[in-house]
Amino acid sequence: MNRHIARETALKMLFQMDVGQNSMETALATLEEANLTGSFKEFALQLAEGAFSRIPELDGQLACFLSAWGIDRLANVDKNILRMAVFELLHLSGIPATVTIDEAIELAKTFGGEESGAFVNGVLDSFRKDKGLE
């Protein structure tokens, strides 16, 4: 087990709750199916719950880094990867920003479209620089 699998699971949960409008209870089935244990399970849950509960705040944080694009015009996968990464950058300590961004890029390459990795990288790198995150 590792944090990459925890992030992947959290993304699936967040996507279910945001796009599928499923309840947290329904999304928890995804967490159980992932067979995460201990701190990895807690990390996945913290990411999914934290990002979902702060969607308006996270969307507001992202808005000025999306150029002419509005948050509603983004692909659902990309939007939720960005939300989860910004939540992690702003609200979870002890994780280097470069690790969070690299993980978000990998998720975008796996679950997003052809240009998703580059797009997520550009948005999050601009966000990191603007916020002075290391």
Side-chain angles (χ1 to χ4, degrees):
M1 286 296 143
N2 59 37
R3 283 194 168 189
H4 180 75
I5 301 299
R7 285 182 179 93
E8 197 173 287
T9 302
L11 175 61
K12 291 175 183 177
M13 294 172 66
L14 181 58
F15 190 88
Q16 287 175 352
M17 292 183 295
D18 178 45
V19 178
Q21 298 183 347
N22 292 333
S23 66
M24 175 56 81
E25 291 74 29
T26 301
L28 286 174
T30 300
L31 183 62
E32 295 308 317
E33 290 168 9
N35 292 319
L36 294 170
T37 59
S39 64
F40 299 118
K41 185 175 184 176
E42 290 173 22
F43 181 62
L45 188 59
Q46 187 177 29
L47 283 174
E49 284 183 324
F52 185 73
S53 68
R54 291 178 173 87
I55 285 177
E57 169 199 337
L58 300 173
D59 288 357
Q61 290 281 344
L62 285 164
C64 63
F65 299 96
L66 298 175
S67 302
W69 291 82
I71 194 85
D72 294 334
R73 291 187 62 201
L74 298 181
N76 287 321
V77 170
D78 295 348
K79 176 174 31 180
N80 282 294
I81 290 169
L82 290 169
R83 287 170 172 164
M84 197 170 74
V86 169
F87 170 78
E88 187 174 330
L89 288 167
L90 294 177
H91 298 287
L92 301 183
S93 60
I95 304 169
T98 54
V99 170
T100 299
I101 293 169
D102 287 346
E103 287 288 328
I105 294 166
E106 288 306 312
L107 289 172
K109 288 178 180 178
T110 301
F111 295 104
E114 190 174 311
E115 301 296 323
S116 292
F119 174 72
V120 165
N121 182 29
V123 172
L124 291 178
D125 194 50
S126 294
F127 182 85
R128 177 193 61 79
K129 288 175 183 172
D130 183 73
K131 301 296 181 188
L133 302 171
E134 294 299 323

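Computed from a predicted structure; not experimentally measured.
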Does the side chain to side chain contact (heavy atoms under 4.5 Å, CB included) test come out yes or no for Phe43 and Leu36, once each step is laid out? CA-CA 10 Å; Phe43 181 62; Leu36 294 170; over 6 Å; no
Closest non-hydrogen atoms of Asp18 and Phe52, given as atom of the first, atom of the second and distance, are N-CE1, 4.0 Å
Any chance you could lay out the side chain to side chain contact (heavy atoms under 4.5 Å, CB included) test for Lys12 and Phe111, step after step, and finish with the verdict? CA-CA 10 Å; Lys12 291 175 183 177; Phe111 295 104; 4.0 Å; yes
Walk me through it: do Val86 and Leu124 pass the test side chain to side chain contact (heavy atoms under 4.5 Å, CB included)? CA-CA 8 Å; Val86 169; Leu124 291 178; 3.9 Å; yes
Report the C-alpha separation of Ile95 and Leu92 in whole Å, then their side-chain angles, then the decisive distance to 0.1 Å, and conclude whether the side chain to side chain contact (heavy atoms under 4.5 Å, CB included) test is met. CA-CA 7 Å; Ile95 304 169; Leu92 301 183; 4.2 Å; yes
Quick check for you: to the nearest 0.5 Å, what is the distance between Leu82 atom CG and Gln61 atom CD? 12.5 Å
Between Lys41 and Glu32, does any NZ, NE, NH1 or NH2 come within less than 4.0 Å of an OD or OE carboxylate oxygen? yes
Shortest non-hydrogen separation from Leu133 to Ala97 and the atoms involved: CB-CB, 4.1 Å
Would you check if Ile55 and Arg83 make a side-chain contact, meaning some heavy-atom pair closer than 4.5 Å? yes
Pairwise side-chain contact, Ile5 with Asn2, heavy-atom cut-off 4.5 Å (strictly under): yes
Minimum heavy-atom distance Leu14-Ala48, with the two atoms named: CD1-O, 4.1 Å
Identify whether the distance between the nearest side-chain nitrogen and carboxylate oxygen of Asp59 and Lys79 falls below 4.0 Å. no
Separation of Asp78 CG from Phe119 CZ (nearest 0.5 Å): 6.5 Å
Check: Gln16/Thr26 side-chain N/O donor and acceptor closer than 3.5 Å: no
Donor on one side chain, acceptor on other, Glu106 and His4, under 3.5 Å: no
Distance from Leu66 atom CG to Asp72 atom CG, nearest 0.5 Å? 10.5 Å
On a heavy-atom basis, the closest approach of Arg7 and Met84 is O-CE, 3.4 Å
How far does CE of Met13 sit from CG of Leu45, to the nearest 0.5 angstrom? 5.5 Å
Is it true that the NZ or CZ of Arg54 lies under 6.0 Å from the centre of Phe87's six-membered ring and within 45 degrees of the ring axis? no
Using side-chain heavy atoms (C-beta onward) and a distance below 4.5 Å, is Glu49 in contact with Met24? yes
If every non-hydrogen atom of Ala51 is compared with every non-hydrogen atom of Leu58, which pair is closest and at what distance? O-CD1, 3.6 Å
Within this structure, what is the NZ-OG distance for the pair Lys131 and Ser126, rounded to the nearest 0.5 Å? 12.0 Å
Of the non-hydrogen atoms in Thr9 and Thr30, which two are nearest, and what is the gap between them? CG2-O, 4.0 Å
How many angstroms lie between atom CG of Leu107 and atom CG of Leu11, to the nearest 0.5 angstrom? 5.5 Å
